[in-house]
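Worksheet: the structure to be examined is printed underneath.
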Amino acid sequence: MSTRSLSKGCFVFKPSPKKRKVSRTTAYYFREGSSDLEDSELRFATCQSLQKQVKSETEQIEEELNEQLFDNLVSFLRRSHSAFQEKKTEWTCRTKSREIPTAALVLGVNVTDHDFTFRSLSEVLQNNVTPYIALLEAKDCPGIKNLMQKLLGQLMNCCIDVDSSEEEDYEHVSRSRVRCSMTTLINWYESATKRTDSETPGKKRTSSRHWQSPPVVVIFKDMESFTTKVLQDFVVISSQHIGEFPLVLIFGIATSPMIIHSLLPHSVSSLLCIELFQSLSCKDHLSTIIDKILLTTQFPLKLSEKVLQVLINIFLYHDFSVQNFIKGFQLCIVEHFHSNPLSVLCCQLEEAKRRVNSLSHNQCENVRRLPSFRRYVESQVSEKQIALLTVDSSLKEAVRKLLEDLNVYHENYFPILRCLHVFTSSLPKYPLGKQIRELHCACLENRVWETEEYESSLQLARMLNKSDLVTMLQKCVEILVSSPGREFDEIVEKLKEFLTQFQKLEEAYQERDESISPQKELQKKTNLYHLQKTLLELKESRRSKKLTKFEMLRFEVVDYIDSLVRHYLVPADHKTLHEIVYFNTASVLREHLNAAPRIALHTALNNPYSYLKSEALKSDGGSISNKAPDICIAYKLHLECGRLINLADWLEAFSTVVTAAEGPTADAASSDQVDDVIHARFIRAVSELELLGFIKPSKQKTDHVARLTWGGC
């Protein structure tokens, strides 16, 4: 008997190392598009280091801003959980009424920032409260079945904090094998908590950071997007089992807490024990970011007035997103280091001085071409001008000195800016703006003391009362004492002297009031001669308008603040070498961040070479290349038509352009097949144009389509 066998094998053919595609790093693309390859690696390393510092600082700021909100949420969970665990009367009453502890978290309309907030909240709860957290989104939960599947999937796949010796005993439950119901969830919760409690009976619990019998927290990230039926069914089902396991709901709300009552009827909303939590306003959040990131000397890169205004306008008029503002700032960092060869000096002062010594001749020439440096050279004597323009060593010495002056300018600028903001932020109608960012933009744009708003602010400041003026001076002293500026000792002493004079004036007024006895007051009241004399003196003083000591001191204080402003708040573009540390290409930033889809779409379809960079697509102004994509050919042909386009004429013109490269001796036998292919390509191109919204079917004529743009109906 013959035996036949079948063998199977797997044969691996490794590609040749020469054909293997080499993955390119970010540094390669940074160097490839750079206008100046010299020191590109050092610029890229400096850019990455600065971006890491900004990211770390912003995350720390956001943690501090959200700390109070998260602490309040943890306290809310603790109250709800302690009531469940200790079986208090309050919880018994709640279970009888089937109320679910619910936190209504109002985050504002900056929806793009909500993901970061919920991720941070989830980390805080997992580290300190419970490992059982589910984050639900409306797009994943069109029905109650999908919601339960998502909920059980996230909870059953969560990691429990156990010893490494017991990790291998952890059972990974498959969601597909489990019937998604509330009973299944309760059974899983009981088994999970029992397993966690019995894993280390003789030792201290390794998950001591979590509470005993931790609650199940379900977070609805975008409550407004959930359908009413899904929310209603989930709340009703959960309320029937609230006595069996601790469930807490967190509703993420972008608009108003009233949305809960709009989505849920009273019979369902009455099953929720709702507590309201309000996050920090996105405007206050942005003000904190600007104050601690942009208005400090911690980071060497600064933004010009136009660039900062672009970022602020996008925030105020588009999305209210602080995360997008930070990403815009990071984009400014990349653009500055990528496009500016001298950005290699945009670092901390000591490091910049060391890098100046290693500048090449080409980089020295780049410095000489800076407009601010050319103005500086023109202000020097002729011998100095020759040395700066011809000798690199003299140039490097001057650059070191100018960079140090620029650093001192920033150390003095920001504290004086804050002092000026203290005076102007409380004035009526806020002539220079309510926020410090508005004042900062005004100071960067031009000499702020030459504006009408500044003159109006000075006039209002000269009418401040004594208590407000003293409070402002005290705040200014605190700002200047805590600042790193080297020239503020004399200013602080002068402000303290003003405070002392105000104190002496107050004591003098008190002594004068005490020195007037009741008899003298009576004498003044009863003596007609003294009364007439007093009235005449008062009338004469009103005519002469003689200032009191307080008014004279108030004028002196305001004039002194004005002198500080004129000396320290000079616009940055008046300082030499400001181009090294200031990013001022607002047009590039606007092009990247202010999306113009209509213009981009027209450019791509009308001139595909601008995106594809293929030499075959280059064409003269009005010509149509047959090498272009079909949709581009159809688009350029439709631009030549009127309001209604005849499909037959359009197809004929399309076929003419596509077959333009074929000679007159084309194979006639295959003409029908070619026509079918061209017809199919034309139908696909027309369908794509209809999908993009350029045309639509016309009800007037069945063989025509109507244009929708550039003169269409």
Side-chain angles (χ1 to χ4, degrees), residues 54 57-58 61 281-317 322 325-326 328-330 332-333 336 346 406-427 429-458 461 472 475-476 478-480 482-485 488 561-562 564-575 578-586 589-590:
V54 171
E57 185 68 20
T58 52
I61 292 171
S281 169
C282 55
K283 291 185 179 180
D284 296 337
H285 195 164
L286 177 68
S287 299
T288 306
I289 292 292
I290 291 178
D291 187 56
K292 295 188 177 181
I293 298 295
L294 300 183
L295 302 183
T296 62
T297 57
Q298 181 180 0
F299 303 105
L301 180 67
K302 306 293 186 295
L303 301 182
S304 68
E305 181 269 335
K306 292 183 179 179
V307 172
L308 182 57
Q309 201 63 52
V310 168
L311 293 177
I312 292 175
N313 288 341
I314 292 175
F315 173 85
L316 293 177
Y317 301 114
V322 178
F325 182 89
I326 296 172
F329 179 55
Q330 292 175 337
C332 294
I333 296 175
H336 182 71
C346 183
L406 192 61
N407 186 71
V408 172
Y409 161 76
H410 287 130
E411 289 181 351
N412 297 333
Y413 174 87
F414 295 118
I416 300 300
L417 179 72
R418 289 188 170 87
C419 291
L420 179 60
H421 179 251
V422 167
F423 276 84
T424 59
S425 60
S426 59
L427 297 177
K429 297 184 179 180
Y430 311 106
L432 287 174
K434 186 177 181 180
Q435 303 290 339
I436 192 172
R437 61 173 181 264
E438 300 170 343
L439 180 61
H440 178 53
C441 290
C443 293
L444 289 178
E445 186 177 7
N446 48 36
R447 293 183 175 92
V448 68
W449 56 86
E450 296 178 354
T451 61
E452 296 180 0
E453 293 81 5
Y454 182 79
E455 292 296 331
S456 176
S457 299
L458 286 185
M472 292 175 182
K475 290 181 180 179
C476 291
E478 294 175 0
I479 292 172
L480 297 178
S482 60
S483 63
F488 293 149
I561 297 297
D562 179 41
L564 295 179
V565 169
R566 294 172 182 270
H567 185 265
Y568 291 105
L569 297 188
V570 180
D573 56 6
H574 288 61
K575 307 300 292 186
H578 71 273
E579 297 93 343
I580 294 177
V581 297
Y582 276 86
F583 177 71
N584 53 11
T585 316
L589 185 66
R590 193 180 293 108

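Only a predicted model underlies this, so the values are computations on that prediction, with no experimental measurement involved.
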- line: Sorted by chain and residue number, the salt bridge (charged side-chain N to carboxylate O under 4.0 Å, His left out) partners of Arg566 (sequence neighbours excluded) come out as Asp562

message: Within the structure provided, determine whether Pro571 and Glu445 are in side-chain contact (heavy-atom separation under 4.5 Å).
response: no

- line: Taken in chain and number order and not counting sequence neighbours, the residues that satisfy side-chain contact (heavy atoms from CB on, under 4.5 Å) with Asn446 are Thr451

message: Is the shortest side-chain heavy-atom distance between Leu564 and Cys419 below 4.5 Å?
response: no

message: A side-chain contact here means heavy atoms from C-beta on lying under 4.5 Å apart; do Phe325 and Ile314 qualify?
response: no

task: Report yes if some heavy atom in the side chain of Tyr454 is under 4.5 Å from a heavy atom in the side chain of Val565; otherwise report no.
output: yes

task: Taking the side chain as every heavy atom from C-beta outward, state whether Asp573 and Ser304 have any atom pair closer than 4.5 Å.
output: no

- request: Flag the pair Tyr568 / Pro415 as yes when at least one side-chain heavy-atom distance between them is below 4.5 Å, and no otherwise.
  value: no

- prompt: Counting only heavy atoms not in Glu450, do more than 12 sit closer than 6.0 Å to its CD atom?
  reply: yes

query: If you measure from CG on Leu569 to CG on Leu439, what distance do you get to the nearest 0.5 Å?
result: 7.5 Å

- request: For Glu57, enumerate each residue passing the side-chain contact (heavy atoms from CB on, under 4.5 Å) test, keeping only those at least two apart in sequence or located in another chain.
  value: Gln60, Ile61, Ile293, Gln298, Phe299

message: Tell me every residue that passes side-chain hydrogen bond (donor to acceptor under 3.5 Å, both in side chains) with Tyr582, counting only those two or more places apart in sequence or in another chain.
response: His410

query: Nearest 0.5 Å, what's the CD-OG1 distance between Glu438 and Thr424?
result: 9.5 Å

- prompt: In chain order, what residues pass the salt bridge (charged side-chain N to carboxylate O under 4.0 Å, His left out) check against Lys475, with sequence neighbours excluded?
  reply: none

message: How long is the straight-line distance from NZ of Lys283 back to NE2 of His285, given to the nearest 0.5 Å?
response: 15.0 Å

message: Once rounded to the nearest 0.5 Å, what's the spacing between atom CZ of Phe583 and atom CG of Leu301?
response: 8.5 Å

- request: Give a yes or no on whether the backbone of Lys434 and the side-chain of His421 come within a donor-acceptor separation of less than 3.5 Å.
  value: yes

field: Distance-only polar pair, side chains of Gln435 and Ser287, donor-acceptor under 3.5 Å
entry: yes

field: Interatomic spacing from CD1 in Ile561 to CG in Leu420 - rounded to 0.5 Å
entry: 8.0 Å

- prompt: Would you say the side chain of Val570 lies within less than 4.5 Å of the side chain of Tyr413, judging by non-hydrogen atoms?
  reply: no

message: Check whether His440 reaches the backbone of Glu305 with its side chain - one donor and one acceptor, N or O, closer than 3.5 Å.
response: no

- line: Arg418 meets the salt bridge (charged side-chain N to carboxylate O under 4.0 Å, His left out) criterion, sequence neighbours left out, with Asp291

- prompt: So do the side chains of Lys302 and His578 get within less than 4.5 Å of each other, counting heavy atoms only?
  reply: no

